[in-house]
Amino acid sequence: MEFRHLGRSGMLVSEISYGNWITHGSQVEEDAADACVRAALDSGITTFDTADVYAGTRAEAVLGRALKGERREGLEIFTKVFWPTGSGRNDRGLSRKHIMESINGSLSRLQTDYVDLYQAHRYDYATPLEETMVAFADIVHSGKAHYIGVSEWKASEIRAAHALATELKISLVSSQPQYSMLWRVIEAEVVPTCEELGLGQIVWSPMAQGVLSGKYLPGQPPPAGSRATDEKSGAGFIARWLDEDVLTRVQLLKPLAEQAGLTMAQLAIAWVLQNPNVSSAIVGATRPEQVYDNVKASGVKLDADLMKAIDEIVEPITERDPGKTVSPAERP
Ligand SMILES: NC(=O)c1ccc[n+]([C@@H]2O[C@H](COP(=O)([O-])OP(=O)(O)OC[C@H]3O[C@@H](n4cnc5c(N)ncnc54)[C@H](OP(=O)(O)O)[C@@H]3O)[C@@H](O)[C@H]2O)c1
């Protein structure tokens, strides 16, 4: 496993990290969740990403149990706040009240005194940015989080938050956007802004939720046990990628992966890691074999001809519009 700095910070993270959205506390049983965390640790992954909202707060608890007993200093644990964690009108958003309550819930479920990175899961247009950043600063100054990050914020929002973070003497070090061969909306604005300000990208769904592994074949039902068959939540989220044109084009990547001596999953993860502004690719898994497959993407260099050949295949199905980086106009 290779390691990169999280943005311009001094903290190193594994360039492939493990995330537990949809899986822990929902799609998979606890023994499978545990086996995946164990496989991640065995493979040199030290960075783990979760959120208060995942599986109605159960995902943090599953991860906390799976990591119990590990040397805390050897791990980088990331969580997030914004989406609803309860039915109350204040159980959501980025108000001081909810941030202060949510961090305490996260720390208790994760069984740790601090998280390494605390992230605003989306921008909250119902709270003044100053209120949010002062709350984050108090959390950092009280030792409950070391660094602050944002997720799916626009370049202008990141710039405004960075100015306040500098004033408040806290480190805003990362942006967590969706990024894959099929979803390149950060390249035009978010990445150049983050390069200038010293933030790194921790990218989500680098495999387009499993679609870029090539296992979903056009015209065929999804493989048993895959996210597309998870009626609890996964099927709804992956549906947008299960389009015949997308699946047909993805199959054209197979010979390119074979020529490079990679599985398609490895090709997809290595592709996002070619972007030097990416600090880590957060990969999900439902089985330990997937983790062992995926981690082999660390350190892989893709040459310019291969990158060009990939571009030519996926261009018609790739989204690049920077306007697609959005947070909900109203609090959920
Ligand atoms: N900030 C945000 O708003 C946000 C949003 C979404 C995700 N995230 C973060 O990003 C993480 C990763 O997202 P993701 O799970 O969508 O990422 P992904 O890596 O694109 O997809 C992971 C899924 O693909 C399948 N898979 C993984 N490895 C495979 C392999 N080698 N071969 C075949 N299939 C494989 C597994 O699902 P099946 O086995 O079920 O098919 C796995 O759960 C999340 O856990 C979360 O931490 C953040």
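Note: hydrogens, waters and symmetry copies are ignored here, and every other heavy atom, side chains too, is used. In each ligand, atom 1 is the first atom listed, and ligand 1 is the first ligand listed.
Qualifying ring pair (Phe, Tyr, Trp, His ring centres under 6.0 Å) partners for F78, counting only residues two or more places apart in sequence or in other chains: none. Partners of D42 by salt bridge (charged side-chain N to carboxylate O under 4.0 Å, His left out), not counting sequence neighbours: none found. Scanning for side-chain hydrogen bond (donor to acceptor under 3.5 Å, both in side chains) contacts around K68 gives Q111, with sequence neighbours left out.
Side chain of K144 to backbone of Y114: no donor-acceptor contact under 3.5 angstrom is found.
Aromatic rings of W83 and Y54 (six-membered ring for Trp) have centroids beyond the 6.0 Å cut-off, not under it.
For a heavy-atom separation below 4.0 Å, the residues in contact with ligand 1 are G19, N20, W21, T23, Q27, D49, Y54, K80, H121, R122, S151, Q176, W204, S205, P206, M207, A208, Q209, G210, S213, K215, Y216, G225, S226, R227, A265, I282, V283, G284, A285, T286, Q290, D293, N294.
Classification of the Y118-F136 ring pair by plane angle, with boundaries at 30° and 60°, yields perpendicular.
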